[in-house]
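See below for the structure under consideration.
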Number of protein chains: 2
Amino acid sequence: MQTHFIISLLRQRQAGRIIGWIFAHMSFAIPVHRLRETDSLLAFQHPSPAYPVHILIVPKRTYTSLMDVTVEDTAFLADLVETVQSLVRELGLEGKGYRLVVNGGEYQDVKHLHFHLISGVK
Amino acid sequence: MQTHFIISLLRQRQAGRIIGWIFAHMSFAIPVHRLRETDSLLAFQHPSPAYPVHILIVPKRTYTSLMDVTVEDTAFLADLVETVQSLVRELGLEGKGYRLVVNGGEYQDVKHLHFHLISGVK
(Lines give C-alpha, C1' and ligand atoms only; values in the text may rest on other atoms or scores of the structure.)
Protein backbone atom coordinates (compact mmCIF):
# COMPACT_ATOMS: atom_id res chain seq x y z
CA MET A 1 0.00 0.00 0.00
CA GLN A 2 2.72 2.41 1.01
CA THR A 3 4.61 1.47 -2.15
CA HIS A 4 1.59 2.15 -4.36
CA PHE A 5 1.21 5.50 -2.66
CA ILE A 6 4.82 6.36 -3.45
CA ILE A 7 4.45 5.26 -7.07
CA SER A 8 1.32 7.37 -7.54
CA LEU A 9 3.18 10.30 -6.01
CA LEU A 10 6.07 9.65 -8.42
CA ARG A 11 3.71 9.88 -11.41
CA GLN A 12 2.96 13.51 -10.56
CA ARG A 13 5.42 15.64 -12.45
CA GLN A 14 5.70 18.25 -9.71
CA ALA A 15 6.48 15.59 -7.15
CA GLY A 16 9.47 14.29 -9.10
CA ARG A 17 11.85 16.71 -7.44
CA ILE A 18 10.70 15.84 -3.92
CA ILE A 19 10.82 12.11 -4.64
CA GLY A 20 14.27 12.56 -6.16
CA TRP A 21 15.35 14.19 -2.93
CA ILE A 22 13.96 11.24 -0.95
CA PHE A 23 15.89 8.73 -3.11
CA ALA A 24 19.02 10.84 -2.73
CA HIS A 25 18.84 11.52 0.99
CA MET A 26 16.31 9.23 2.65
CA SER A 27 16.43 6.01 0.64
CA PHE A 28 16.55 4.04 3.90
CA ALA A 29 12.93 5.10 4.45
CA ILE A 30 11.59 3.84 1.11
CA PRO A 31 9.29 0.92 1.93
CA VAL A 32 10.33 -1.52 -0.81
CA HIS A 33 11.97 -4.90 -0.66
CA ARG A 34 15.50 -4.14 -1.79
CA LEU A 35 16.93 -6.71 -4.21
CA ARG A 36 20.16 -4.72 -4.38
CA GLU A 37 21.44 -1.58 -2.76
CA THR A 38 24.72 0.17 -3.47
CA ASP A 39 26.02 3.65 -2.63
CA SER A 40 24.56 4.90 -5.92
CA LEU A 41 21.34 2.93 -6.56
CA LEU A 42 18.45 0.80 -5.35
CA ALA A 43 16.94 -2.19 -7.19
CA PHE A 44 13.50 -3.49 -6.20
CA GLN A 45 10.47 -5.31 -7.58
CA HIS A 46 8.10 -3.04 -9.50
CA PRO A 47 5.07 -2.64 -7.20
CA SER A 48 2.74 -2.91 -10.23
CA PRO A 49 4.70 -5.29 -12.49
CA ALA A 50 3.79 -5.43 -16.18
CA TYR A 51 5.95 -8.55 -16.75
CA PRO A 52 6.61 -11.75 -14.76
CA VAL A 53 10.04 -10.27 -13.92
CA HIS A 54 9.85 -6.48 -13.57
CA ILE A 55 12.58 -4.86 -11.52
CA LEU A 56 13.19 -1.13 -11.14
CA ILE A 57 16.74 0.17 -10.80
CA VAL A 58 16.80 3.71 -9.47
CA PRO A 59 19.79 5.99 -8.86
CA LYS A 60 20.01 7.67 -5.48
CA ARG A 61 21.25 10.88 -7.08
CA THR A 62 18.56 13.23 -8.31
CA TYR A 63 18.56 12.56 -12.04
CA THR A 64 15.30 13.56 -13.70
CA SER A 65 16.17 11.56 -16.80
CA LEU A 66 19.00 9.92 -18.73
CA MET A 67 19.74 13.38 -20.13
CA ASP A 68 20.91 14.52 -16.68
CA VAL A 69 23.40 11.74 -15.98
CA THR A 70 26.90 13.17 -15.88
CA VAL A 71 29.40 10.90 -17.60
CA GLU A 72 31.75 11.55 -14.69
CA ASP A 73 29.35 9.56 -12.49
CA THR A 74 31.09 6.33 -13.39
CA ALA A 75 30.26 4.89 -9.96
CA PHE A 76 26.57 4.84 -10.88
CA LEU A 77 27.18 3.49 -14.40
CA ALA A 78 29.43 0.72 -13.08
CA ASP A 79 26.93 -0.13 -10.28
CA LEU A 80 24.12 -0.24 -12.86
CA VAL A 81 25.93 -2.78 -15.06
CA GLU A 82 27.07 -4.84 -12.07
CA THR A 83 23.56 -4.86 -10.56
CA VAL A 84 21.96 -6.02 -13.82
CA GLN A 85 24.59 -8.74 -14.29
CA SER A 86 24.12 -9.93 -10.73
CA LEU A 87 20.30 -10.02 -10.97
CA VAL A 88 20.40 -11.79 -14.36
CA ARG A 89 22.65 -14.46 -12.86
CA GLU A 90 20.64 -14.83 -9.65
CA LEU A 91 17.28 -15.05 -11.44
CA GLY A 92 18.61 -17.27 -14.25
CA LEU A 93 17.42 -14.84 -16.92
CA GLU A 94 19.98 -15.66 -19.61
CA GLY A 95 18.09 -18.81 -20.59
CA LYS A 96 14.73 -17.00 -20.62
CA GLY A 97 15.92 -13.75 -22.09
CA TYR A 98 15.88 -10.33 -20.48
CA ARG A 99 15.63 -6.69 -21.49
CA LEU A 100 16.97 -3.54 -19.88
CA VAL A 101 14.93 -0.47 -20.82
CA VAL A 102 15.12 3.21 -20.01
CA ASN A 103 12.47 5.62 -21.24
CA GLY A 104 12.90 9.32 -21.85
CA GLY A 105 10.90 12.37 -22.88
CA GLU A 106 7.21 11.63 -23.37
CA TYR A 107 7.82 7.89 -22.83
CA GLN A 108 8.98 8.46 -19.26
CA ASP A 109 6.12 8.58 -16.76
CA VAL A 110 7.94 9.03 -13.46
CA LYS A 111 10.27 12.03 -13.62
CA HIS A 112 13.08 10.40 -11.68
CA LEU A 113 15.45 8.32 -13.79
CA HIS A 114 14.68 4.60 -13.57
CA PHE A 115 15.67 1.51 -15.53
CA HIS A 116 13.37 -1.48 -16.06
CA LEU A 117 14.84 -4.99 -16.05
CA ILE A 118 12.14 -7.21 -17.52
CA SER A 119 11.64 -10.81 -18.59
CA GLY A 120 8.62 -12.81 -19.72
CA VAL A 121 5.45 -11.97 -21.62
CA LYS A 122 3.53 -8.82 -20.67
CA MET B 1 23.27 -4.24 -49.58
CA GLN B 2 26.64 -4.66 -47.88
CA THR B 3 25.03 -3.59 -44.61
CA HIS B 4 22.26 -6.17 -44.95
CA PHE B 5 24.89 -8.78 -45.65
CA ILE B 6 26.72 -7.85 -42.46
CA ILE B 7 23.51 -7.90 -40.41
CA SER B 8 22.55 -11.33 -41.72
CA LEU B 9 26.06 -12.51 -40.89
CA LEU B 10 25.67 -11.04 -37.39
CA ARG B 11 22.50 -13.08 -36.84
CA GLN B 12 24.48 -16.28 -37.13
CA ARG B 13 25.64 -17.24 -33.66
CA GLN B 14 28.94 -18.71 -34.86
CA ALA B 15 29.73 -15.51 -36.74
CA GLY B 16 29.39 -13.36 -33.61
CA ARG B 17 33.01 -13.80 -32.64
CA ILE B 18 34.32 -12.87 -36.10
CA ILE B 19 32.02 -9.87 -36.33
CA GLY B 20 33.05 -8.83 -32.83
CA TRP B 21 36.64 -8.91 -34.01
CA ILE B 22 35.75 -6.72 -36.99
CA PHE B 23 34.04 -4.14 -34.74
CA ALA B 24 37.04 -4.22 -32.42
CA HIS B 25 39.82 -4.03 -34.99
CA MET B 26 38.41 -3.05 -38.38
CA SER B 27 35.48 -0.76 -37.60
CA PHE B 28 36.76 1.66 -40.26
CA ALA B 29 35.75 -0.94 -42.85
CA ILE B 30 32.12 -1.31 -41.72
CA PRO B 31 29.98 0.15 -44.49
CA VAL B 32 27.44 2.10 -42.39
CA HIS B 33 26.69 5.78 -42.15
CA ARG B 34 28.20 6.69 -38.81
CA LEU B 35 26.03 9.01 -36.71
CA ARG B 36 28.65 8.96 -33.96
CA GLU B 37 32.02 7.34 -33.55
CA THR B 38 34.19 7.39 -30.44
CA ASP B 39 37.21 5.33 -29.39
CA SER B 40 34.85 2.84 -27.77
CA LEU B 41 31.69 2.69 -29.93
CA LEU B 42 29.89 3.26 -33.21
CA ALA B 43 26.31 4.59 -33.59
CA PHE B 44 24.49 4.14 -36.90
CA GLN B 45 21.00 3.82 -38.39
CA HIS B 46 19.58 0.30 -38.13
CA PRO B 47 19.71 -1.06 -41.69
CA SER B 48 16.27 -2.68 -41.21
CA PRO B 49 14.59 -0.22 -38.82
CA ALA B 50 11.55 -1.39 -36.87
CA TYR B 51 10.74 2.18 -35.72
CA PRO B 52 10.81 5.62 -37.39
CA VAL B 53 13.96 6.30 -35.33
CA HIS B 54 16.02 3.15 -34.85
CA ILE B 55 19.70 3.62 -34.10
CA LEU B 56 22.17 0.93 -33.11
CA ILE B 57 24.96 1.72 -30.66
CA VAL B 58 27.69 -0.91 -30.78
CA PRO B 59 30.86 -1.15 -28.67
CA LYS B 60 34.11 -1.68 -30.54
CA ARG B 61 35.32 -4.08 -27.85
CA THR B 62 34.24 -7.68 -28.29
CA TYR B 63 31.40 -7.95 -25.81
CA THR B 64 29.05 -10.82 -26.62
CA SER B 65 26.38 -9.39 -24.31
CA LEU B 66 25.77 -7.02 -21.40
CA MET B 67 26.99 -9.84 -19.14
CA ASP B 68 30.52 -9.42 -20.54
CA VAL B 69 30.90 -5.69 -19.96
CA THR B 70 33.57 -5.09 -17.36
CA VAL B 71 32.62 -2.32 -14.96
CA GLU B 72 36.17 -1.01 -15.27
CA ASP B 73 35.35 -0.07 -18.89
CA THR B 74 34.03 3.29 -17.81
CA ALA B 75 35.17 4.83 -21.11
CA PHE B 76 32.55 2.80 -22.95
CA LEU B 77 29.82 3.45 -20.36
CA ALA B 78 30.50 7.17 -20.40
CA ASP B 79 30.62 7.24 -24.22
CA LEU B 80 27.32 5.34 -24.34
CA VAL B 81 25.52 7.87 -22.14
CA GLU B 82 27.10 10.83 -23.94
CA THR B 83 26.22 9.41 -27.36
CA VAL B 84 22.59 8.84 -26.41
CA GLN B 85 22.30 12.32 -24.91
CA SER B 86 23.83 13.88 -27.99
CA LEU B 87 21.58 11.95 -30.43
CA VAL B 88 18.45 12.73 -28.37
CA ARG B 89 19.32 16.43 -28.51
CA GLU B 90 20.21 16.44 -32.20
CA LEU B 91 17.10 14.52 -33.26
CA GLY B 92 14.79 16.41 -30.87
CA LEU B 93 13.57 13.19 -29.26
CA GLU B 94 12.71 14.57 -25.82
CA GLY B 95 9.44 16.02 -27.11
CA LYS B 96 8.52 12.81 -28.94
CA GLY B 97 9.84 10.36 -26.39
CA TYR B 98 12.64 7.86 -26.79
CA ARG B 99 13.66 4.47 -25.43
CA LEU B 100 17.08 2.89 -24.95
CA VAL B 101 16.90 -0.91 -24.98
CA VAL B 102 19.41 -3.69 -24.61
CA ASN B 103 18.38 -7.32 -24.99
CA GLY B 104 20.09 -10.32 -23.44
CA GLY B 105 19.86 -14.10 -23.39
CA GLU B 106 17.17 -15.45 -25.70
CA TYR B 107 15.97 -11.91 -26.50
CA GLN B 108 19.30 -10.99 -28.10
CA ASP B 109 19.50 -11.98 -31.76
CA VAL B 110 22.95 -10.70 -32.74
CA LYS B 111 25.61 -12.07 -30.40
CA HIS B 112 27.60 -8.86 -30.26
CA LEU B 113 26.39 -6.39 -27.61
CA HIS B 114 24.23 -3.63 -29.12
CA PHE B 115 21.88 -1.00 -27.76
CA HIS B 116 18.76 0.21 -29.61
CA LEU B 117 17.78 3.88 -29.41
CA ILE B 118 14.21 4.02 -30.70
CA SER B 119 11.40 6.53 -31.08
CA GLY B 120 8.00 6.41 -32.76
CA VAL B 121 5.44 3.68 -33.37
CA LYS B 122 6.65 0.28 -34.63
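Just so you know, these numbers use all the heavy atoms, side chains as well, and skip hydrogens, waters and symmetry mates. Throughout, protein chains are lettered first and strands after them, A, B, ... in sequence-line order, and every chain is numbered starting at 1.
If you tally non-hydrogen atom pairs under 4.5 Å between each of A/Ile118, A/Leu77, A/Thr70 and chain B, the highest count goes to A/Leu77. The candidate with the highest count of non-hydrogen atom pairs below 4.5 Å against chain A, out of B/Leu80, B/Thr74, B/Asn103, is B/Asn103. Ranked by heavy-atom pairs under 4.5 Å with chain A, the first of B/Glu72, B/His116, B/Glu94, B/Glu82 is B/Glu94. Of all the listed residues (B/Asp79, B/Asp68, B/Val81), the one sharing the greatest number of non-hydrogen pairs under 4.5 Å with chain A is B/Val81. The choice from A/Gly105, A/Ser119, A/Gly104 that makes the most heavy-atom pairs within less than 4.5 Å of chain B is A/Gly104. Counting heavy-atom pairs closer than 4.5 Å to chain B, the top-ranked of the candidates A/Val88, A/Val69, A/Leu100 is A/Leu100.
Heavy-atom distances place the side chain of A/Ser65, and not its backbone, under 4.5 Å from chain B. With a 4.5 Å cut-off on non-hydrogen atoms, B/Asp73 does not touch chain A at all.
Contact annotation: the side chain of A/Arg89 approaches that of B/Met67 to within less than 4.5 Å [non-hydrogen atoms, C-beta and beyond]. Inter-residue side-chain proximity for B/Arg99 and A/Val101 is flagged as met; some heavy-atom pair is nearer than 4.5 Å.
Residues A/Tyr107 and A/Val102 do not share a hydrophobic cluster, clusters being chains of Ile/Leu/Val/Met/Phe/Trp/Tyr side chains in contact below 4.5 Å. Hydrophobic clustering (ILVMFWY, side-chain heavy atoms < 4.5 Å, transitive): B/Ile57 and B/Tyr51 are in distinct clusters. The cluster map of Ile, Leu, Val, Met, Phe, Trp and Tyr, joined by side-chain heavy atoms under 4.5 Å apart, puts B/Phe115 and B/Leu35 in the same cluster. In this structure, A/Leu87 is not a member of the same hydrophobic cluster as A/Leu42, with clusters built from ILVMFWY side-chain heavy atoms closer than 4.5 Å. At a threshold of 4.5 Å between side-chain heavy atoms, the hydrophobic network of Ile, Leu, Val, Met, Phe, Trp and Tyr places A/Phe44 and A/Ile55 in two separate groups.
Here A/Tyr98 contributes atom OH and B/Glu106 contributes atom CD; the two are 11.0 Å apart, rounded to the nearest 0.5 Å.
The backbone N or O of A/Leu66 sits less than 3.5 Å from a side-chain atom of B/Gln85, completing a donor-acceptor pair.
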